[in-house]
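First comes the structure, then the notes that go with it.
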Amino acid sequence: MLNKKINTLIVLCSILAGSMLSSVANAHPRWVLPSHFTISKEGGDWLTFDVTASHGTFVMDKPAGSETAQIIMPDGRQERPDFVLRGKRRSVFDFFFSEEGTHRVQINNVPGYVTHYKAGKRDTVKRIRANKVERSNLLPETSRDISTTVMFTRAETYITVGKPSDKAFPLEGKFLELQPITKPADIVATEPVRFQFFFNGKAQAGVKAEITRDGTLYRNQQDQIDVVSDEQGFIEFTPEIAGRYILKASHTDKLADSPLADKMNASVHLTFEAILP
(Lines give C-alpha, C1' and ligand atoms only; values in the text may rest on other atoms or scores of the structure.)
Protein backbone atom coordinates (compact mmCIF):
# COMPACT_ATOMS: atom_id res chain seq x y z
CA MET A 1 0.00 0.00 0.00
CA LEU A 2 2.86 2.36 0.87
CA ASN A 3 4.57 1.72 -2.46
CA LYS A 4 1.33 2.39 -4.31
CA LYS A 5 0.95 5.72 -2.50
CA ILE A 6 4.53 6.66 -3.30
CA ASN A 7 4.08 5.75 -6.96
CA THR A 8 0.86 7.74 -7.09
CA LEU A 9 2.62 10.74 -5.55
CA ILE A 10 5.45 10.49 -8.09
CA VAL A 11 2.99 10.39 -10.99
CA LEU A 12 1.02 13.29 -9.55
CA CYS A 13 4.15 15.41 -9.10
CA SER A 14 5.27 14.74 -12.66
CA ILE A 15 1.83 15.64 -13.98
CA LEU A 16 1.76 18.85 -11.96
CA ALA A 17 5.21 19.77 -13.23
CA GLY A 18 4.11 19.19 -16.78
CA SER A 19 0.93 21.19 -16.24
CA MET A 20 2.93 24.17 -15.01
CA LEU A 21 4.76 24.22 -18.32
CA SER A 22 1.72 23.69 -20.51
CA SER A 23 -1.14 25.33 -18.58
CA VAL A 24 -0.46 28.79 -19.96
CA ALA A 25 -0.67 27.55 -23.52
CA ASN A 26 -3.90 25.69 -22.79
CA ALA A 27 -5.51 28.57 -20.88
CA HIS A 28 -4.47 31.30 -23.32
CA PRO A 29 -4.24 31.17 -27.12
CA ARG A 30 -0.59 31.02 -28.20
CA TRP A 31 0.57 32.87 -31.29
CA VAL A 32 3.73 33.84 -33.14
CA LEU A 33 4.07 37.30 -34.66
CA PRO A 34 6.86 38.16 -37.13
CA SER A 35 8.31 41.63 -37.58
CA HIS A 36 7.52 41.31 -41.32
CA PHE A 37 5.61 38.81 -43.42
CA THR A 38 7.39 39.39 -46.72
CA ILE A 39 10.99 40.12 -47.71
CA SER A 40 11.99 41.79 -50.96
CA LYS A 41 15.54 42.74 -50.02
CA GLU A 42 18.15 41.22 -52.31
CA GLY A 43 20.13 38.58 -50.46
CA GLY A 44 17.48 38.15 -47.75
CA ASP A 45 17.10 39.68 -44.31
CA TRP A 46 16.81 38.96 -40.59
CA LEU A 47 13.33 38.75 -39.08
CA THR A 48 12.44 38.67 -35.39
CA PHE A 49 9.44 36.83 -33.93
CA ASP A 50 7.43 37.43 -30.76
CA VAL A 51 5.80 34.41 -29.11
CA THR A 52 3.29 34.74 -26.29
CA ALA A 53 0.01 33.39 -24.93
CA SER A 54 -2.76 35.94 -24.68
CA HIS A 55 -6.51 36.43 -25.06
CA GLY A 56 -5.81 39.90 -26.41
CA THR A 57 -5.00 40.31 -30.09
CA PHE A 58 -1.23 40.79 -30.30
CA VAL A 59 -1.00 41.80 -26.63
CA MET A 60 2.06 40.42 -24.83
CA ASP A 61 0.69 38.60 -21.79
CA LYS A 62 1.97 35.20 -20.65
CA PRO A 63 5.33 33.56 -21.36
CA ALA A 64 5.34 30.93 -24.10
CA GLY A 65 8.52 29.22 -25.20
CA SER A 66 9.85 29.27 -28.74
CA GLU A 67 12.63 26.73 -28.26
CA THR A 68 10.67 24.20 -30.30
CA ALA A 69 10.00 26.58 -33.21
CA GLN A 70 10.54 25.16 -36.68
CA ILE A 71 10.99 26.93 -39.99
CA ILE A 72 9.75 24.84 -42.92
CA MET A 73 11.88 26.00 -45.84
CA PRO A 74 10.60 26.44 -49.43
CA ASP A 75 12.07 23.04 -50.37
CA GLY A 76 10.33 21.33 -47.42
CA ARG A 77 13.30 20.80 -45.09
CA GLN A 78 13.17 21.97 -41.47
CA GLU A 79 15.42 24.50 -39.77
CA ARG A 80 15.64 25.76 -36.19
CA PRO A 81 15.56 29.40 -35.01
CA ASP A 82 18.55 31.49 -33.99
CA PHE A 83 19.06 33.59 -30.84
CA VAL A 84 16.14 32.33 -28.74
CA LEU A 85 15.38 34.54 -25.74
CA ARG A 86 12.66 33.94 -23.14
CA GLY A 87 11.29 36.71 -20.94
CA LYS A 88 8.44 37.15 -18.46
CA ARG A 89 5.73 37.99 -21.00
CA ARG A 90 7.06 36.63 -24.27
CA SER A 91 9.85 34.79 -25.97
CA VAL A 92 11.75 36.06 -29.00
CA PHE A 93 13.75 34.39 -31.75
CA ASP A 94 15.47 35.55 -34.93
CA PHE A 95 16.05 33.85 -38.26
CA PHE A 96 17.78 34.90 -41.45
CA PHE A 97 15.57 34.34 -44.50
CA SER A 98 17.42 34.20 -47.80
CA GLU A 99 15.88 31.39 -49.89
CA GLU A 100 13.21 32.49 -52.34
CA GLY A 101 9.72 31.18 -51.71
CA THR A 102 7.24 30.71 -48.89
CA HIS A 103 8.36 29.50 -45.45
CA ARG A 104 6.09 28.13 -42.72
CA VAL A 105 7.05 29.06 -39.15
CA GLN A 106 5.40 26.82 -36.58
CA ILE A 107 5.49 26.32 -32.84
CA ASN A 108 3.43 23.23 -32.04
CA ASN A 109 3.08 22.14 -28.44
CA VAL A 110 3.18 18.51 -27.39
CA PRO A 111 -0.19 16.79 -26.84
CA GLY A 112 -1.55 17.38 -23.33
CA TYR A 113 -4.14 15.32 -21.48
CA VAL A 114 -6.87 16.54 -19.12
CA THR A 115 -9.35 14.33 -17.29
CA HIS A 116 -12.65 15.84 -16.14
CA TYR A 117 -14.74 14.12 -13.48
CA LYS A 118 -17.25 14.57 -10.68
CA ALA A 119 -16.84 13.31 -7.13
CA GLY A 120 -18.72 13.68 -3.86
CA LYS A 121 -22.26 14.93 -3.36
CA ARG A 122 -21.95 17.99 -5.56
CA ASP A 123 -21.94 17.97 -9.34
CA THR A 124 -18.95 20.31 -9.59
CA VAL A 125 -16.73 19.28 -12.47
CA LYS A 126 -13.10 18.84 -11.45
CA ARG A 127 -10.02 18.11 -13.52
CA ILE A 128 -6.54 16.65 -13.32
CA ARG A 129 -3.67 16.62 -15.83
CA ALA A 130 -3.69 12.91 -16.67
CA ASN A 131 -4.44 10.54 -19.52
CA LYS A 132 -6.61 7.42 -19.22
CA VAL A 133 -3.70 5.30 -18.00
CA GLU A 134 -2.47 7.79 -15.41
CA ARG A 135 -5.91 8.74 -14.12
CA SER A 136 -6.61 5.30 -12.59
CA ASN A 137 -4.13 6.01 -9.77
CA LEU A 138 -5.27 9.60 -9.22
CA LEU A 139 -9.06 9.69 -9.32
CA PRO A 140 -11.10 9.33 -6.10
CA GLU A 141 -12.98 6.05 -5.76
CA THR A 142 -16.28 7.92 -5.94
CA SER A 143 -15.47 9.54 -9.31
CA ARG A 144 -18.17 9.55 -11.98
CA ASP A 145 -18.80 11.09 -15.41
CA ILE A 146 -15.13 10.61 -16.24
CA SER A 147 -13.81 11.88 -19.59
CA THR A 148 -10.25 12.44 -20.82
CA THR A 149 -9.38 14.90 -23.58
CA VAL A 150 -6.13 15.22 -25.51
CA MET A 151 -5.36 18.81 -26.52
CA PHE A 152 -3.02 20.03 -29.24
CA THR A 153 -2.38 23.52 -30.63
CA ARG A 154 -0.54 24.73 -33.72
CA ALA A 155 0.79 28.30 -33.68
CA GLU A 156 1.82 29.23 -37.22
CA THR A 157 2.67 32.00 -39.63
CA TYR A 158 4.10 32.27 -43.15
CA ILE A 159 7.06 34.27 -44.44
CA THR A 160 7.59 34.85 -48.16
CA VAL A 161 10.88 35.84 -49.75
CA GLY A 162 10.45 37.13 -53.29
CA LYS A 163 8.08 34.95 -55.31
CA PRO A 164 5.57 32.77 -53.33
CA SER A 165 5.78 28.98 -53.46
CA ASP A 166 3.72 26.12 -52.03
CA LYS A 167 6.10 23.35 -50.89
CA ALA A 168 5.80 24.52 -47.26
CA PHE A 169 2.08 23.63 -47.23
CA PRO A 170 2.05 19.78 -47.04
CA LEU A 171 -0.15 18.22 -44.35
CA GLU A 172 1.15 16.11 -41.48
CA GLY A 173 -2.12 14.19 -41.26
CA LYS A 174 -2.41 14.74 -37.50
CA PHE A 175 -4.84 16.80 -35.44
CA LEU A 176 -6.33 19.99 -36.91
CA GLU A 177 -4.46 21.59 -39.81
CA LEU A 178 -5.00 24.64 -42.00
CA GLN A 179 -3.86 24.72 -45.61
CA PRO A 180 -3.75 28.08 -47.42
CA ILE A 181 -5.57 28.08 -50.74
CA THR A 182 -4.95 31.79 -51.11
CA LYS A 183 -1.20 32.13 -50.73
CA PRO A 184 -0.35 34.16 -47.58
CA ALA A 185 1.67 36.71 -49.57
CA ASP A 186 -1.35 37.27 -51.84
CA ILE A 187 -3.82 38.25 -49.10
CA VAL A 188 -5.09 41.72 -50.00
CA ALA A 189 -7.59 43.89 -48.13
CA THR A 190 -11.11 43.92 -49.69
CA GLU A 191 -10.38 40.67 -51.58
CA PRO A 192 -11.69 37.21 -50.56
CA VAL A 193 -9.36 34.77 -48.80
CA ARG A 194 -9.79 31.00 -49.00
CA PHE A 195 -8.36 28.39 -46.59
CA GLN A 196 -9.09 24.71 -46.03
CA PHE A 197 -9.21 22.72 -42.76
CA PHE A 198 -8.20 19.10 -42.28
CA PHE A 199 -8.62 16.84 -39.25
CA ASN A 200 -6.32 13.83 -39.04
CA GLY A 201 -5.58 14.23 -42.74
CA LYS A 202 -9.17 14.47 -43.99
CA ALA A 203 -11.08 17.59 -45.04
CA GLN A 204 -13.14 18.66 -42.03
CA ALA A 205 -16.55 20.32 -42.07
CA GLY A 206 -17.89 22.38 -39.19
CA VAL A 207 -14.62 23.88 -37.98
CA LYS A 208 -15.36 27.21 -36.32
CA ALA A 209 -12.82 29.98 -36.90
CA GLU A 210 -12.63 33.60 -35.80
CA ILE A 211 -10.45 36.19 -37.52
CA THR A 212 -9.52 39.38 -35.67
CA ARG A 213 -7.51 42.38 -36.84
CA ASP A 214 -4.79 44.02 -34.74
CA GLY A 215 -5.68 47.03 -32.59
CA THR A 216 -8.57 45.76 -30.45
CA LEU A 217 -7.21 47.77 -27.52
CA TYR A 218 -7.95 50.97 -29.44
CA ARG A 219 -11.47 50.37 -30.73
CA ASN A 220 -14.81 49.67 -29.07
CA GLN A 221 -15.70 46.72 -31.31
CA GLN A 222 -13.71 43.54 -31.89
CA ASP A 223 -14.64 43.59 -35.60
CA GLN A 224 -14.31 39.82 -35.49
CA ILE A 225 -15.11 37.70 -38.53
CA ASP A 226 -16.76 34.35 -37.69
CA VAL A 227 -16.76 31.52 -40.24
CA VAL A 228 -17.48 27.78 -40.30
CA SER A 229 -15.88 25.35 -42.74
CA ASP A 230 -18.13 23.78 -45.38
CA GLU A 231 -18.43 20.09 -46.33
CA GLN A 232 -15.01 20.17 -48.03
CA GLY A 233 -13.38 22.00 -45.13
CA PHE A 234 -13.18 25.35 -46.93
CA ILE A 235 -13.68 28.75 -45.33
CA GLU A 236 -13.84 32.07 -47.13
CA PHE A 237 -13.70 35.58 -45.70
CA THR A 238 -12.74 39.09 -46.74
CA PRO A 239 -10.44 41.30 -44.63
CA GLU A 240 -11.85 44.75 -45.30
CA ILE A 241 -8.92 46.66 -43.79
CA ALA A 242 -5.20 46.18 -44.34
CA GLY A 243 -3.23 45.08 -41.30
CA ARG A 244 -2.14 42.15 -39.18
CA TYR A 245 -4.68 39.44 -38.32
CA ILE A 246 -4.95 36.35 -36.17
CA LEU A 247 -7.13 33.38 -37.06
CA LYS A 248 -8.13 31.07 -34.20
CA ALA A 249 -9.87 27.78 -35.00
CA SER A 250 -10.66 24.67 -32.98
CA HIS A 251 -12.34 21.32 -33.44
CA THR A 252 -13.39 18.57 -31.02
CA ASP A 253 -14.02 14.97 -31.97
CA LYS A 254 -14.47 11.61 -30.22
CA LEU A 255 -11.71 9.00 -30.23
CA ALA A 256 -13.00 5.46 -30.59
CA ASP A 257 -9.89 3.31 -30.03
CA SER A 258 -7.42 5.53 -28.17
CA PRO A 259 -5.92 4.02 -24.99
CA LEU A 260 -5.06 7.50 -23.71
CA ALA A 261 -8.08 9.74 -24.35
CA ASP A 262 -11.83 9.68 -25.03
CA LYS A 263 -11.85 12.75 -27.28
CA MET A 264 -9.56 15.26 -28.94
CA ASN A 265 -9.58 19.06 -28.90
CA ALA A 266 -7.25 20.54 -31.52
CA SER A 267 -6.60 24.18 -32.44
CA VAL A 268 -4.82 26.26 -35.04
CA HIS A 269 -3.69 29.85 -34.39
CA LEU A 270 -2.48 31.49 -37.61
CA THR A 271 -1.12 35.03 -37.92
CA PHE A 272 -1.04 36.78 -41.29
CA GLU A 273 -1.29 40.20 -42.87
CA ALA A 274 -3.62 41.75 -45.46
CA ILE A 275 -1.75 44.24 -47.60
CA LEU A 276 -3.13 47.42 -49.09
CA PRO A 277 -5.02 46.92 -52.37
Side-chain angles (χ1 to χ4, degrees), residues 14-37 46-72 78-97 103-114 127-131 149-159 168 172 174-178 184 207-217 222 224 243-252 264-273:
S14 63
I15 292 172
L16 289 174
S19 68
M20 290 176 66
L21 295 174
S22 61
S23 60
V24 169
N26 290 327
H28 296 72
R30 294 181 305 113
W31 42 263
V32 52
L33 181 65
S35 55
H36 299 80
F37 291 89
W46 286 98
L47 296 189
T48 189
F49 296 79
D50 289 322
V51 182
T52 189
S54 172
H55 286 295
T57 302
F58 303 139
V59 176
M60 307 301 172
D61 192 1
K62 304 294 183 180
S66 55
E67 295 82 2
T68 60
Q70 296 176 326
I71 296 89
I72 311 302
Q78 297 182 3
E79 297 288 350
R80 307 293 290 185
D82 299 303
F83 308 111
V84 176
L85 175 65
R86 182 163 181 159
K88 293 294 185 180
R89 286 184 175 267
R90 62 174 176 169
S91 63
V92 178
F93 68 89
D94 297 339
F95 190 81
F96 188 80
F97 291 84
H103 307 62
R104 183 171 81 238
V105 180
Q106 60 185 25
I107 305 177
N108 303 332
N109 67 344
V110 297
Y113 296 86
V114 176
R127 71 176 188 173
I128 55 173
R129 301 278 179 180
N131 60 38
T149 303
V150 55
M151 298 181 295
F152 181 82
T153 298
R154 300 179 186 275
E156 301 179 335
T157 191
Y158 289 91
I159 306 299
E172 294 180 1
K174 299 179 181 179
F175 305 104
L176 184 67
E177 297 181 86
L178 180 150
V207 178
K208 297 180 179 179
E210 57 184 50
I211 301 101
T212 310
R213 179 172 50 87
D214 192 7
T216 54
L217 287 175
Q222 289 286 315
Q224 179 176 300
R244 305 180 301 180
Y245 287 78
I246 182 169
L247 178 150
K248 293 181 286 187
S250 63
H251 181 70
T252 301
M264 176 191 301
N265 185 295
S267 302
V268 173
H269 300 155
L270 172 72
T271 53
F272 64 93
E273 70 173 356

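- Judged by distance alone, the side chains of T57 and D214 never bring a donor and an acceptor atom under 3.5 Å apart.
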Criterion side-chain contact (heavy atoms from CB on, under 4.5 Å) on E177 and E156, from CA distance to verdict: CA-CA 10 Å; E177 297 181 86; E156 301 179 335; over 6 Å; no
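- Screening N131, I128, T149 against Y113 for a side chain to side chain contact (heavy atoms under 4.5 Å, CB included) leaves a single residue, N131.
- No side-chain donor-acceptor contact under 3.5 Å links Q222 to the backbone of T212.
- Of the possible polar contacts, none joining the R127 side chain to the V114 backbone as a donor-acceptor pair under 3.5 Å is found.
- With hydrogens and angles ignored, the 3.5 Å screen pairs no side-chain donor or acceptor of R30 with any backbone N or O of A64.
- Residues D50 and F58 form no side-chain contact, since every pair of their non-hydrogen atoms from C-beta on lies 4.5 Å or further apart.
- Applying the salt bridge (Lys or Arg N to Asp or Glu O under 4.0 Å) rule to E210 yields the partners K248; only residues at least two apart in sequence or on another chain are considered.
- To the nearest 0.5 Å, the span separating CH2 on W31 from CZ on R90 amounts to 9.5 Å.
- For T157, the side-chain hydrogen bond (donor to acceptor under 3.5 Å, both in side chains) partners are T271, not counting sequence neighbours.
- Listed here is the closest heavy atom pair of F175 and P111: CZ-CG, 3.9 Å.
- Residues meeting the side-chain hydrogen bond (donor to acceptor under 3.5 Å, both in side chains) test with N265, sequence neighbours left out: T252.
- A distance-only check finds no donor-acceptor pair linking the side chain of R244 to the backbone of G215 [under 3.5 Å].
- With sequence neighbours left out, S66 forms a side-chain hydrogen bond (donor to acceptor under 3.5 Å, both in side chains) with S91.
- Here the side chain of H269 pairs no donor or acceptor atom with the backbone of A155 at under 3.5 angstrom.
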Step-by-step side-chain contact (heavy atoms from CB on, under 4.5 Å) determination, D82 to W46: CA-CA 10 Å; D82 299 303; W46 286 98; 3.9 Å; yes
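- Separation of atoms CD (Q78) and CD (Q70) is listed at 4.0 Å; rounding is to 0.5 Å.
- The residue from L33, V92, I107, V105 that alone fulfils the side chain to side chain contact (heavy atoms under 4.5 Å, CB included) condition with F49 is V105.
- Taking 4.5 Å as the limit, some side-chain heavy atom of H55 sits within range of a side-chain heavy atom of P29.
- A search for side-chain hydrogen bond (donor to acceptor under 3.5 Å, both in side chains) contacts involving S35 returns nothing, not counting sequence neighbours.
- Take D61 and apply the salt bridge (Lys or Arg N to Asp or Glu O under 4.0 Å) test, not counting sequence neighbours, and it matches R89.
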Stepwise side-chain contact (heavy atoms from CB on, under 4.5 Å) check, L247 with L178: CA-CA 10 Å; L247 178 150; L178 180 150; 3.9 Å; yes
